[in-house]
2 protein chains.
Amino acid sequence: MSVGIKDVARVAEVSPATVSRVLSGRSVDPAMKERVLAAVQSTGYRPNLAARRLRSKHSNTIALIVADIRNPFFTAVSRTVEDIAYARGQRVILCNTDEDPAKEAMYLQLMQEERVTGVILAPTRQGGDRAKMKLDFPVVLIDRAGSGWTHDRVVLDNGAMAAMLVEHLHEQGHRRIAGLFGAASSTGIERRAGFEQSAAALGLEAEALSVVHGPGEAERRVTDLLNRADPPSALIASNGVMLMAVMRAVHAAGRSVPQDVALAGFDNDDWMELVGGGITVIAQPVEEIGRTAMAMLVDRIDHPQAAARKVVLAGKLIARGSSAAPVRTNRKQA
Amino acid sequence: MSVGIKDVARVAEVSPATVSRVLSGRSVDPAMKERVLAAVQSTGYRPNLAARRLRSKHSNTIALIVADIRNPFFTAVSRTVEDIAYARGQRVILCNTDEDPAKEAMYLQLMQEERVTGVILAPTRQGGDRAKMKLDFPVVLIDRAGSGWTHDRVVLDNGAMAAMLVEHLHEQGHRRIAGLFGAASSTGIERRAGFEQSAAALGLEAEALSVVHGPGEAERRVTDLLNRADPPSALIASNGVMLMAVMRAVHAAGRSVPQDVALAGFDNDDWMELVGGGITVIAQPVEEIGRTAMAMLVDRIDHPQAAARKVVLAGKLIARGSSAAPVRTNRKQA
DNA sequence: ACTTCTTAAGAAAACGTTTTCTGATTATTC
DNA sequence: GAATAATCAGAAAACGTTTTCTTAAGAAGT
């Protein structure tokens, strides 16, 4: 049925080993090489990657495991990772954990069976048992860090970036701010910490809310916030998805940004320049995150025993209309 | 080193074949099954999928090939496909063609080597040579159709949906409209045709623009349009990415939706309820598209010889503020 | 010119499974 | 109770490659 390397060998009148050598670019007699290539053409031979992987023990496959590919941050990183991987002759398998540690563990097991070359992982917060799993492929963590110090990682300087947002709002004249932070990721925790510290340092009235992962949760918290007798003048959201939720809730409450409440957050998703006079955000270097993660992965494959490294990248504050001065405060100052 | 099925067999004091049978759930003596399972636990055995695939000739892998995963439409479909695939014990490999027929062909070749179970493909327009490639796995086309009738496909009723948009704008009082349609996909072509036909039927002044794939192109066309002496009162864009581009261009030109120009289009992306009073769109049933494609794929695997099928799904018009009546026309009518 | 080193190609082993084949034991039928 | 059928477990083959081993021939060194 399917044409194999033996068929090619027969047509080219050489041994299967020689065909293999030609295909893997090792040195063979030019005349033979010619014959083999011609035979490959004429037979329409396509290598069987399963067989190749079994024998060679190289899967040429990496896995990218993230919370949810629909989060534009992960989408962007994934695109970069895929481009680089395919350019290097590597296949990419994509997995969504939905912030579920059990799913994460299941996928890591699966990748073990897949004998992947390596994994790029945005870990869930509770996935602490990962260390115990004894994975025999390198793992590079992205976005989330976790406390253990076992894997390479590339992360944003979350605390500093959150502080930058707080300081920006402070400069704009905001004195009462609230922040929404994802409870499921270490990223949320770190950004929250940066938020609280810098707010304290600036003497702001600040309230940090932990939002559990799930649809509608962030909206509800924002709605509660807005319906208070004395709502904050500015909100911070710890990622792009949550910023969207905040915008929706503000909208639904009949308020608008920045007139009724200012807004700032993380992730420079496409839509953000279009609403509320543009959303002020910390733009993450998504392309660089993907690139760095891939670079660390291949480097780790070459040097399995090297010490674990951590790359911390800076984000960029993009100030837009959403963080304008509060109306009342303005008046007082004028 | 790595523990194999033979090691498990030795520990459990059974033959490798028996271990295989236990693992694949075939009937074996309960006592033996017990011993094997215990041995699997104690040895920490993990099957080697490459070997399994080689021998069993089932890759349990499907590929999803789309233009660009960053397009939210494809992201959403991909998420559904992945969930279903993993639930069925199938791995998913993701590929981005960037509307490049050469890349598409390359990936299809690669999937051939991968011996994938099947492929879900959003084909590029010029990829007509696909028929000649003699792929030995089933292919289900999504989103784009193409003219050949060789593969199963699940598509939107593009012509009818475009007409629905035109009619909606007409009802709102618009008489001069322009449409931007992607030139790279059959989808763009079909939507354009529906646009032109229904505009003609309604006696509208309508202009259809073909936009080649690439960054900034759509923005430029819209900017030109808006700078004309007598610009159209409403715009239609043939997908969500293009709607974003239109919004950007309108913004950059200092105009706003719907006051200066009305807007409607395809794809109900997250941000669309937030800008310009909400964008009026045809929402595609993304989840159903993914589900249907997977269903067709598995069905095709079971019945390779059945006739090719085409599933046409309806979208849903979501009328929002962006398609409000034109200001001047309103006055005339009042 | 003879040994030694290098290079190249074929033969055969190996990769880790599943499947086929074979023989033995148990169940079923008359 | 004997003959036949059905079940089950182990031995061995098979999947399609790459790699190791072996042998032969040519290059290089003395």
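Every chain is numbered from 1, with letters handed out A, B, ... down the list of sequences.
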Quickly work out the Leu23(B) CG to dG16(C) C1' distance and round it to whole Å.
13 Å
According to a strict under-4.0 Å criterion, is Lys57(A) in side-chain N/O contact with OP1 or OP2 of dT17(D)?
no
Where is the tightest heavy-atom contact between Phe137(A) and Met111(A), given as atom of each residue plus distance?
CE2-C, 3.9 Å
Test side chain to side chain donor-acceptor pair (under 3.5 Å) applied to Thr18(A) and Ser15(A), step by step
CA-CA 5 Å; Thr18(A) 300; Ser15(A) 77; 3.2 Å; yes
side-chain contact (heavy atoms from CB on, under 4.5 Å), that's the test. Do Val155(A) and Leu313(A) meet it? Break it down for me.
CA-CA 6 Å; Val155(A) 294; Leu313(A) 298 173; over 6 Å; no
Arg115(B) CZ to dT18(C) C1', in whole Å, measures 18 Å
Of Leu54(B) and Arg26(B), whose nearest nucleotide on DNA chain C comes first from the 5' end?
Leu54(B)
Sugar-phosphate, base or nothing in reach of Thr18(B), heavy atoms under 4.0 Å
sugar-phosphate
Measure from CG on Asp7(A) to P on dC15(D) and round the result to the nearest Å.
11 Å
Would you say Arg52(B) reaches dT18(C)'s phosphate, i.e. side-chain N/O to OP1/OP2 under 4.0 Å?
yes
Applying salt bridge (Lys or Arg N to Asp or Glu O under 4.0 Å) to Arg79(B) and Asp68(A), what does each step give before you reach the verdict?
CA-CA 8 Å; Arg79(B) 184 57 217 263; Asp68(A) 189 345; 3.1 Å; yes
Send over the distance from Lys33(A) NZ to dA8(C) P, rounded to a whole Å.
12 Å
Give the rounded distance in Å between these two atoms: CZ of Arg35(A) and C1' of dA8(C).
14 Å
Does the distance from a Lys or Arg side-chain N to an Asp or Glu carboxylate O, for Asp29(B) and Lys33(B), drop under 4.0 Å?
no
Can you check the Asn48(A) CG to dT17(C) P distance for me, whole Å?
17 Å
Does atom CD (Glu34(A)) have a neighbourhood of more than 12 heavy atoms from anything else shown, all under 6.0 Å?
no
Using heavy atoms to find the nearest nucleotide of DNA chain D for Pro30(B) and Ser56(B) separately, return the residue whose nucleotide is more 5′.
Pro30(B)
Phosphate oxygens OP1/OP2 of dT18(C): is one of them under 4.0 Å from a side-chain N or O of Ser20(B)?
yes
Let's see if you can work this out: which of dG10(D), dG10(C), dC15(D) has an atom nearest to the side-chain heavy atoms of Met32(A)?
dG10(C)
Report yes if a side-chain nitrogen or oxygen of Ser15(B) is closer than 4.0 Å to either non-bridging phosphate oxygen (OP1 or OP2) of dG10(D); otherwise report no.
yes
Answer with base, sugar-phosphate or nothing: what part of the nucleic acid does Arg21(A) contact at a heavy-atom distance below 4.0 Å?
base
Counting only side-chain heavy atoms from C-beta out, which of dT17(D), dG10(D), dG10(C) sits nearest to Val14(B)?
dG10(D)
For Glu113(B), is the CD atom crowded, meaning more than 12 foreign heavy atoms sit under 6.0 Å from it?
yes
Students should find that the end-to-end axis angle of the helix from dA1(C)-dT30(D) to dC30(C)-dG1(D), with five pairs defining each axis and rounding to 10 degrees, is 30°
Look at all strands and tell whether Ser27(A) reaches a base, only sugar-phosphate, or nothing, counting heavy atoms closer than 4.0 Å.
sugar-phosphate
Is any N or O donor-acceptor pair between the side chain of Arg55(A) and the base of dT18(D) shorter than 3.5 Å?
yes
Ile5(B) CD1 - dA14(D) C1' separation (whole Å):
15 Å
Rounded distance (Å) that lies between atom P of dT17(C) and atom NE2 of His58(B):
17 Å
Could you tell me whether the side chains of Glu99(B) and Thr124(B) share a donor-acceptor contact shorter than 3.5 Å?
no
